[in-house]
Amino acid sequence: MIKLNDEYINQVKSLYLLVKNKFPQSLILYGQENNIINELSISLAEIIASNKSFLNFRDFHDDLLSAKVHSSPFIYKIEKIYLEDKKRFKKNIYRDDISALHSFFNTKDELNQKRICIIDKIDDLSIDASNSLLKLIEEPNQNSHFIILNSNKSKMLNTIRSRSFFVRFNKVGNNTFNENLEIDKKYIDSYRNLTNGSLFISKQFIKYEFHKIYDHFLSILENSN
C-alpha cells in the first residue's frame, strides 16, 4: 500500500464523512496520482461492501490505509483489457467491456447488500461506453454505487459529472514522494523535477529504467567533452 503523509488527510476525511452519512451513488476520485487513487478506491469499496461502521475518523483512516487482500464478490472493477496476443492494452474501454455491469447490479442477494463498481479510469471510456454508464447512473437502486477514477475532468460527460460527488487528490508532498520511490536517492530530485512531482509518472519512468538512459546520455556528454 502507498505510504501517505498528512497532505491527503482532508481528502480521507471527506471519504469518512461520506461513509458515515450517506454514500453517493456516484463518487469520482480525481488527480494525477493514479496509483494512490486506485489503491484507495479498492479499500474504500471494501469498506462500503462490508457495511462497516466506525466510531471515529482514526479507525476509518487506519482501515482505509492498511494493506489487505481485496476479494469481495460485491466489488466489480472495470479497466482497460490487456490483449495477450498483441501484447498491449486496448485503446479504450468499450460498451461491450462494461456490459456485465447490468447483471452485476441486478443480482439478487441478501437484503441491503451494497454493490460497488470501480471504473479505472473514466478517461478511457469510449463515447458509447460513457453513454451506457450514464444510463446506469441515472437509474440506480439504493445499494448500487460507482467509484470512478479520473485524471482529466474535460474527458467526462457533463451529465455524469452533474450526477457525481467529487473528491480531488493533489500531488503528494516531498516526504511521500521520497518514501515511495524504490530507487537510488541520487535520482529522486531528477525524477521530481522531470515529472513535476508526480509519483505515478515517476514510477512509470522507473519501471522502464529511464534513469539508466539518463546515465547513458551523461556518459556520452562526458566522453565528448
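- Closest approach of Q142 to K114, counting heavy atoms only: O-NZ, 3.8 Å.
- The closest donor-acceptor contact from the side chain of D63 to the backbone of D59 lies at 3.5 Å or more, if one exists at all.
- Placement of I9 and L18 within a single hydrophobic cluster is found when ILVMFWY residues are connected by side-chain heavy-atom separations under 4.5 Å, directly or transitively.
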Side chain to side chain donor-acceptor pair (under 3.5 Å) between N106 and S103, intermediate numbers included: CA-CA 5 Å; N106 289 330; S103 59; over 6 Å; no
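- Nearest heavy atom pair, residue N180 against residue K203, reads O-NZ, 2.9 Å.
- Taking the ring centre of F104 as origin, the terminal cationic atom of R115 falls inside the region bounded by 6.0 Å and 45° from the ring axis.
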Hey, mind stepping through R95 and N131 against side chain to side chain donor-acceptor pair (under 3.5 Å) and telling me if it holds? CA-CA 9 Å; R95 183 171 58 185; N131 288 324; over 6 Å; no
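- Looking at D128 and S126, their side chains do bring a donor and an acceptor atom within 3.5 Å of each other.
- Salt-bridge check for D97 with K90: passed, with a basic side-chain N closer than 4.0 Å to an acidic carboxylate O.
- Ring centroid separation for the pair F23 and H145 comes in under the 6.0 Å cut-off.
- The two residues A129 and Y94 make their nearest non-hydrogen contact at CB-C, 3.6 Å.
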Please determine whether side chain to side chain contact (heavy atoms under 4.5 Å, CB included) holds for the pair L64 and I47, giving the CA-CA distance in whole Å, both sets of side-chain angles, and the decisive distance to 0.1 Å. CA-CA 8 Å; L64 184 69; I47 288 172; 4.1 Å; yes
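- Ring-plane geometry between H211 and Y187 is classed as tilted, the angle between the planes lying from 30 to 60 degrees on a 0 to 90 degree scale.
- Side-chain contacts under 4.5 Å among hydrophobic residues (ILVMFWY), followed directly or transitively, place Y82 together with F89.
- Less than 6.0 angstrom separates the ring centroid of F146 from the ring centroid of F105.
- Side-chain contact between I48 and V19: present, with at least one pair of heavy atoms (C-beta onward) separated by less than 4.5 Å.
- Side chain of E33 to main chain of L199: a donor-acceptor pair is present (N/O by atom type, distance under 3.5 Å, no hydrogens or angles).
- Between L136 and H102, some side-chain heavy-atom pair lies under the 4.5 Å cut-off.
- Remark: aromatic rings of F166 and Y30 are close, center separation under 6.0 Å.
- L17 and I28 sit in two unconnected hydrophobic clusters of ILVMFWY residues. Membership requires side-chain heavy atoms under 4.5 Å apart, directly or through other members.
- S41 and D120 share no donor-acceptor pair across their side chains, judged by distance under 3.5 Å alone.
- Between I93 atom CD1 and D124 atom CG the span is 5.0 Å, to the nearest 0.5 Å.
- With a 4.5 Å cut-off on side-chain heavy atoms, I75 and I42 do not count as touching.
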Side chain to side chain contact (heavy atoms under 4.5 Å, CB included) for R163 and Q25? Distances and angles first, verdict last. CA-CA 8 Å; R163 288 166 171 77; Q25 302 293 154; over 6 Å; no
Before you tell me yes or no, could you show the steps for F205 and L194 under side chain to side chain contact (heavy atoms under 4.5 Å, CB included), namely the whole-Å CA-CA distance, both residues' side-chain angles and the distance that decides it to 0.1 Å? CA-CA 10 Å; F205 282 167; L194 179 66; 3.5 Å; yes
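- In this structure, the side chains of S164 and L27 stay at 4.5 Å or more apart for every pair of heavy atoms.
- In this structure the side chain of I116 never reaches within 4.5 angstrom of the side chain of Y76, judged on heavy atoms.
- Cluster membership for V12 and F165, using ILVMFWY side-chain heavy atoms within less than 4.5 angstrom, is shared.
- For the side chain to side chain donor-acceptor pair (under 3.5 Å) with N38, the lone residue among E79, K77, K121 that qualifies is K77.
- Here the shortest heavy-atom pairing between F169 and Q11 reads CE2-CB, 3.5 Å.
- With sequence neighbours excluded, the residues forming a side chain to side chain donor-acceptor pair (under 3.5 Å) with K212 are E209, listed by chain and number.
- Put simply, the side chain of N56 gets close to the backbone of R58: a donor and an acceptor are under 3.5 Å apart.
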Test log, rule side chain to side chain contact (heavy atoms under 4.5 Å, CB included), inputs C117 and I147: CA-CA 6 Å; C117 171; I147 300 178; over 6 Å; no
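- Inter-residue side-chain proximity for L149 and I119 is flagged as unmet; no heavy-atom pair is nearer than 4.5 Å.
- Of all heavy-atom pairs between S130 and I160, the closest is O-CD1, 3.8 Å.
- Residues Q113 and N143 fail the side-chain proximity criterion, which asks for heavy atoms closer than 4.5 Å.
- D189 and R192 get closest at one heavy-atom pair: OD1-NH1, 2.7 Å.
- The hydrophobic clustering, which links ILVMFWY residues whose side-chain heavy atoms are closer than 4.5 Å, places L40 and F74 apart.
- Here the side chain of S198 pairs no donor or acceptor atom with the backbone of T195 at under 3.5 angstrom.
- Ring planes of F57 and Y16: perpendicular class, angle over 60° (limits at 30 and 60°).
- Between N150 and M156, some side-chain heavy-atom pair lies under the 4.5 Å cut-off.
- Using modelled atom types and a 3.5 Å distance limit, the side chains of S99 and D96 yield no donor-acceptor pair.
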